Amino acid sequence: EEDLLNDVCREVVEKWSDSQVVDAKEEKEDEVQAIASMMEKQARIVVKPKEVSQEEKQRKAALLAQYANVTDEEEYPFPALLEARAVKGNTSLFRNTNVEDVLNARKLERELLRDEFQKKKEQDKLQREKDKLAKQERKEKEKKRTQKGERKR
């Protein structure tokens, strides 16, 4: 009976391992099929070329021509040159306001810091005056108390 039990167990294990191999083959076939279907879908997609108007072509050509004339000195200009160029005015198709925006932002930040410093300075001054008055009041109270004590004697 033990031999029969071992045979049955061996048969069950064999059937189970055979089913695992079949499942693995089916999974691989499913993956291959999915990849093939995705590739077919991508092959069907057609990208339509973008239509560019004549005006846009001219604008692009003008920009490219403008940037083609940049010299080594103009590639990384100093802030003073940027300010001078912003003041002179630019004859290009559009005006670059980045430099002006940055300079204005820095100026505004400095003004805000200056105002905050001024407020803090005034608050400190007021606090010192309050402390001074409080100290004088304490001295006067102490003086009055000592005078009262001397009068009682």
Side-chain angles (χ1 to χ4, degrees), residues 6-145:
N6 285 337
D7 290 340
V8 169
C9 287
R10 196 174 312 119
E11 187 178 336
V12 167
V13 169
E14 287 175 6
K15 295 270 184 184
W16 180 80
S17 62
D18 289 344
S19 69
Q20 293 298 318
V21 171
V22 170
D23 287 345
K25 287 181 183 177
E26 288 177 3
E27 287 178 12
K28 287 182 181 178
E29 289 175 4
D30 290 343
E31 289 177 8
V32 170
Q33 187 66 27
I35 292 171
S37 66
M38 283 196 300
M39 289 174 65
E40 288 174 6
K41 287 178 184 177
Q42 286 180 346
R44 286 186 211 142
I45 297 174
V46 177
V47 178
K48 295 179 182 177
K50 183 180 175 184
E51 294 180 15
V52 181
S53 68
Q54 188 65 25
E55 182 181 319
E56 289 176 357
K57 287 180 184 178
Q58 289 174 349
R59 192 177 307 144
K60 184 176 179 180
L63 280 173
L64 289 174
Q66 177 185 352
Y67 286 114
N69 293 332
V70 173
T71 65
D72 289 339
E73 296 170 2
E74 292 176 336
E75 192 168 346
Y76 298 106
F78 297 103
L81 293 175
L82 292 175
E83 291 175 22
R85 191 180 296 162
V87 171
K88 284 182 187 176
N90 209 347
T91 58
S92 65
L93 295 176
F94 60 92
R95 186 170 168 212
N96 187 353
T97 59
N98 291 342
V99 174
E100 294 173 14
D101 292 343
V102 169
L103 292 174
N104 288 338
R106 286 182 182 168
K107 186 176 181 181
L108 183 63
E109 186 178 350
R110 282 193 301 267
E111 289 176 6
L112 289 173
L113 289 173
R114 190 178 305 124
D115 290 345
E116 287 178 16
F117 178 73
Q118 215 41 32
K119 285 179 185 177
K120 186 179 183 316
K121 194 175 177 183
E122 290 173 10
Q123 288 176 349
D124 290 347
K125 188 176 180 181
L126 289 174
Q127 187 64 38
R128 282 193 300 272
E129 289 177 13
K130 285 180 184 178
D131 291 345
K132 198 174 191 180
L133 288 175
K135 190 175 180 182
Q136 282 181 344
E137 287 178 12
R138 280 194 299 264
K139 282 184 179 180
E140 289 175 10
K141 284 182 182 179
E142 182 67 28
K143 200 180 216 183
K144 286 180 184 177
R145 201 170 3 124

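For the single chain, residues carry numbers from 1 onward in sequence order. Because the structure is predicted, anything quoted here is derived from the model rather than measured.
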**Request:** Output the distance between atom CD (E122) and atom NZ (K125), rounded to the nearest 0.5 Å.
**Result:** 8.0 Å

**Asked** Looking at CD of Q118 and CG of L113, how far apart are the two atoms once the value is rounded to the nearest 0.5 Å?
**Response** 12.5 Å

**Carboxylate-amine/guanidinium contact R59 E55, below 4.0 Å** = yes

**Message:** Quick check on side chain to side chain contact (heavy atoms under 4.5 Å, CB included): which of Q136, K135, K141 does R138 satisfy it with?
**Reply:** K135

**Asked** Step by step, would you call D124 with K121 a side chain to side chain contact (heavy atoms under 4.5 Å, CB included)?
**Response** CA-CA 5 Å; D124 290 347; K121 194 175 177 183; 5.8 Å; no

**Message:** With a sphere of 6.0 Å drawn around CD of E129, does it hold more than 12 non-hydrogen atoms of other residues, nucleotides or ligands?
**Reply:** yes

**Item:** Within-4.5 Å side-chain heavy-atom neighbours: K132 and R128
**Value:** no

**Asked** Is it true that E140 and K143 have a side-chain N and a carboxylate O under 4.0 angstrom from each other?
**Response** no

**Request:** State whether K119 and D115 are salt-bridged, where the test is any N-O pair (Lys NZ or Arg NE/NH1/NH2 against Asp/Glu carboxylate O) under 4.0 Å.
**Result:** no

**Asked** Using 4.0 Å as the upper bound for N to carboxylate O, is an ion pair formed by K15 and D18?
**Response** no

**Request:** Rounded to the nearest 0.5 Å, what's the gap from CD on Q127 to NZ on K120? Could you check?
**Result:** 11.0 Å

**Item:** Spatial distance of atom CG (L103) from atom CG (L108) [nearest 0.5 Å]
**Value:** 12.5 Å

**Message:** Please check if the number of heavy atoms outside E111 that lie under 6.0 Å from its CD is greater than 12.
**Reply:** yes

**Message:** To the nearest 0.5 Å, what is the distance between CG on D7 and CD on E11?
**Reply:** 8.5 Å

